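Since we're looking at a predicted model, the values are computed, not measured.
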There are 2 protein chains.
Amino acid sequence: MTDLPDIADELPPDRSLGFQVRRCHRAFDRVLNAQLAREGLASGFWYFLRALWQENGATQKRLAQLNNVTEPTAVAMLRAMDGLGLIERVRNAEDRRKVNVFLTPRGEALRGALTPHARRINAVAGEGVSARDLETCLRVLKKMSDNLAAEAARLADAPLR
Amino acid sequence: MTDLPDIADELPPDRSLGFQVRRCHRAFDRVLNAQLAREGLASGFWYFLRALWQENGATQKRLAQLNNVTEPTAVAMLRAMDGLGLIERVRNAEDRRKVNVFLTPRGEALRGALTPHARRINAVAGEGVSARDLETCLRVLKKMSDNLAAEAARLADAPLR
DNA sequence: CGATCAGACTTAGATAGCTAAGTATTTTAT
DNA sequence: ATAAAATACTTAGCTATCTAAGTCTGATCG
């Protein structure tokens with residue numbers, strides 16, 4: 001029992017991927033919010049708008065999946081966006097359980113204004129980091145997300161343990 | 001105007017660090033919550049407990065900084081933890097603006113139960129990734145956090161733009 | 001055909017984060 | 001010495017997320 005294991009047991013924030021991902025997420029979110037506020041938008045809209053620019057007419061479930069949020073979160077967000085006239089929700093005629101979401105001209109128009117912000121934020125974040133290291137980070141983040149999603153599913157399956 | 005520039009302009013989620021950090025954060029958070037729920041705790045407590053295990057007696061402001069949350073968030077969390085008997089808050093006698101936060105025996109005792117979970121979650125996340133790539137990711141995440149924090153400060157300083 | 005199961009959306013209520021503004025205390029600068 | 005500024009905490013109220021449970025619609029199976 002030297003003192004080194006003790007230090008290791010503490011799992012200091014600097015050495016914890018979970019902590020650093022959390023910190024980085026909040027940093028991104030703050031800047032994104034600051035930028036969107038200048039366009040008069042709340043930050044939550046961004047992710048849904050982007051999904052719709054790629055897949056206009058997607059169902060709410062699909063949009064939730066694309067954004068990695070739950071369906072109630074998507075419902076709340078889309079209702080707010082509907083209220084602002086950014087999107088329209090239309091009940092699907094063939095399968096009346098579904099609701100398809102379409103951009104209004106106003107929602108479509110935000111694309112030109114917002115995309116440069118997103119590109120800029122990513123550029124600022126990556127300043128001083130080599131392209132190669134950024135690629136590695138991107139790849140590791142995806143892998144970790146997948147690993148953790150699998151673990152979450154495992155935990156949900158095993159009710160007691 | 002070929003079709004390639006268009007694709008690039010879309011900044012697809014797969015290529016966006018902001019998006020991947022967000023997704024990874026949510027994945028970590030879900031697993032952490034699932035684990036803590038088994039100990040009867042809400043996930044927000046984890047970060048404050050860990051900070052106190054390292055710096056028992058820290059002020060609320062210090063705890064907020066250590067966790068990268070705002071002071072109101074810290075206040076709310078610490079009040080809840082106080083209510084559960086995990087911590088005690090004592091007004092500082094020398095500078096009565098400050099409140100020092102101390103772990104109760106009960107809060108101290110959670111350390112043994114919770115730390116293994118955190119270590120395990122980090123281990124699961126990093127499965128199948130080389131130690132070297134994990135180091136790179138850690139380093140890039142810290143750098144991006146710093147870059148974005150500086151940008152946030154810049155944006156706050158420049159009220160109009 | 002009818003009952004049950006599954007799917008997509010919704011509602012209700014909780015949690016954790018934020019900003020903006022307020023209070024009490026200490027420090028700084030006339 | 002006192003007015004002004006800064007600091008630490010708090011309050012109030014908003015946003016985005018979650019889980020659990022409910023409603024309607026469609027699919028399956030005896």
Which residues satisfy the side chain to side chain donor-acceptor pair (under 3.5 Å) test with B:Glu39, sequence neighbours excluded?
B:His117
Partners of A:Arg62 by side-chain contact (heavy atoms from CB on, under 4.5 Å), sequence neighbours excluded?
A:Glu55, A:Ala58, A:Thr59, A:Gln65, A:Leu66
Identify the two heavy atoms, one from A:Asn33 and one from A:Ser43, that lie closest to each other, and give their separation to 0.1 Å.
OD1-CB, 2.8 Å
When you compare the protein's N or O atoms with those of nucleotides 20-24 of chain D, which come within less than 3.5 Å of each other, and at what distance?
none

Can you pull out every side-chain hydrogen bond (donor to acceptor under 3.5 Å, both in side chains) where at least one residue sits in residues 140-150 of chain A? Sequence neighbours excluded, please.
A:Asp146-B:Arg23
Please give the remaining members of the hydrophobic cluster of B:Val75, linking ILVMFWY side chains under 4.5 Å, ordered by chain and number.
none
Using a 4.0 Å heavy-atom cut-off, does B:Glu71 contact any base of the nucleic acid, only the sugar-phosphate backbone, or nothing at all?
base
Just the rounded figure in Å: distance from P of D:dT17 to NE2 of B:His25.
10 Å
A:Val99: hydrophobic cluster co-members (side-chain, 4.5 Å)
none
Figure out the CZ/C1' separation between B:Arg38 and D:dT19, and round it to whole Å.
16 Å
How many whole angstroms separate atom CZ of B:Arg96 from atom C1' of C:dT23?
13 Å
Atom-to-atom span, CZ of A:Arg62 to C1' of C:dG7 - whole angstrom:
16 Å
In whole Å, what is the span from the CG atom of A:Leu36 to the C1' atom of D:dT15?
13 Å
Taking atom P of D:dT10 as reference, at what distance in whole Å does atom CG of B:Leu78 sit?
9 Å
Closest approach of B:Trp46 and B:Leu32, non-hydrogen atoms and distance?
CD1-CD2, 3.9 Å
Counting any heavy atom closer than 4.0 Å, what does A:Arg79 reach on the DNA or RNA strands: base, sugar-phosphate only, or nothing?
sugar-phosphate
In short, salt bridge (Lys or Arg N to Asp or Glu O under 4.0 Å) pairs touching residues 85-95 of chain B with sequence neighbours left out are B:Asp82-B:Arg89, B:Asp95-B:Arg97
Output one line per pair: protein atom, nucleotide atom from nucleotides 15-17 of chain C, and distance, for all N/O pairs under 3.5 Å.
from, atom 1, to, atom 2, distance (Å)
C:dA16, OP1, B:Ser43, N, 3.3
C:dA16, OP1, B:Gly44, N, 2.9
C:dG17, OP1, A:Arg22, NH1, 2.9
C:dG17, OP1, A:Arg22, NH2, 3.2

Closest approach to the side chain of A:Lys61, judged atom by atom: which nucleotide of D:dT17, D:dC9, C:dA8 is it?
C:dA8
Holding to side-chain contact (heavy atoms from CB on, under 4.5 Å), I want the full list of residues that pass it with B:Arg139, two or more places apart in sequence or in another chain.
A:Asp133, B:Thr136
May I ask you to list the residues of residues 87-95 of chain A, by number, that have any heavy atom positioned under 4.0 Å from an atom of DNA chain C?
A:Arg89
A:Leu63 atom CG is separated from C:dA8 atom P, nearest whole Å, by 13 Å
For the pair made of NZ in A:Lys98 and P in D:dG26, what is the distance, rounded to whole Å?
11 Å
A:Asn56: which residues meet the side-chain contact (heavy atoms from CB on, under 4.5 Å) condition with it, sequence neighbours left out?
A:Leu52, A:Phe102, A:Leu103
Would you please name every residue forming a side chain to side chain donor-acceptor pair (under 3.5 Å) with B:Glu135, sequence neighbours left out?
A:Arg15
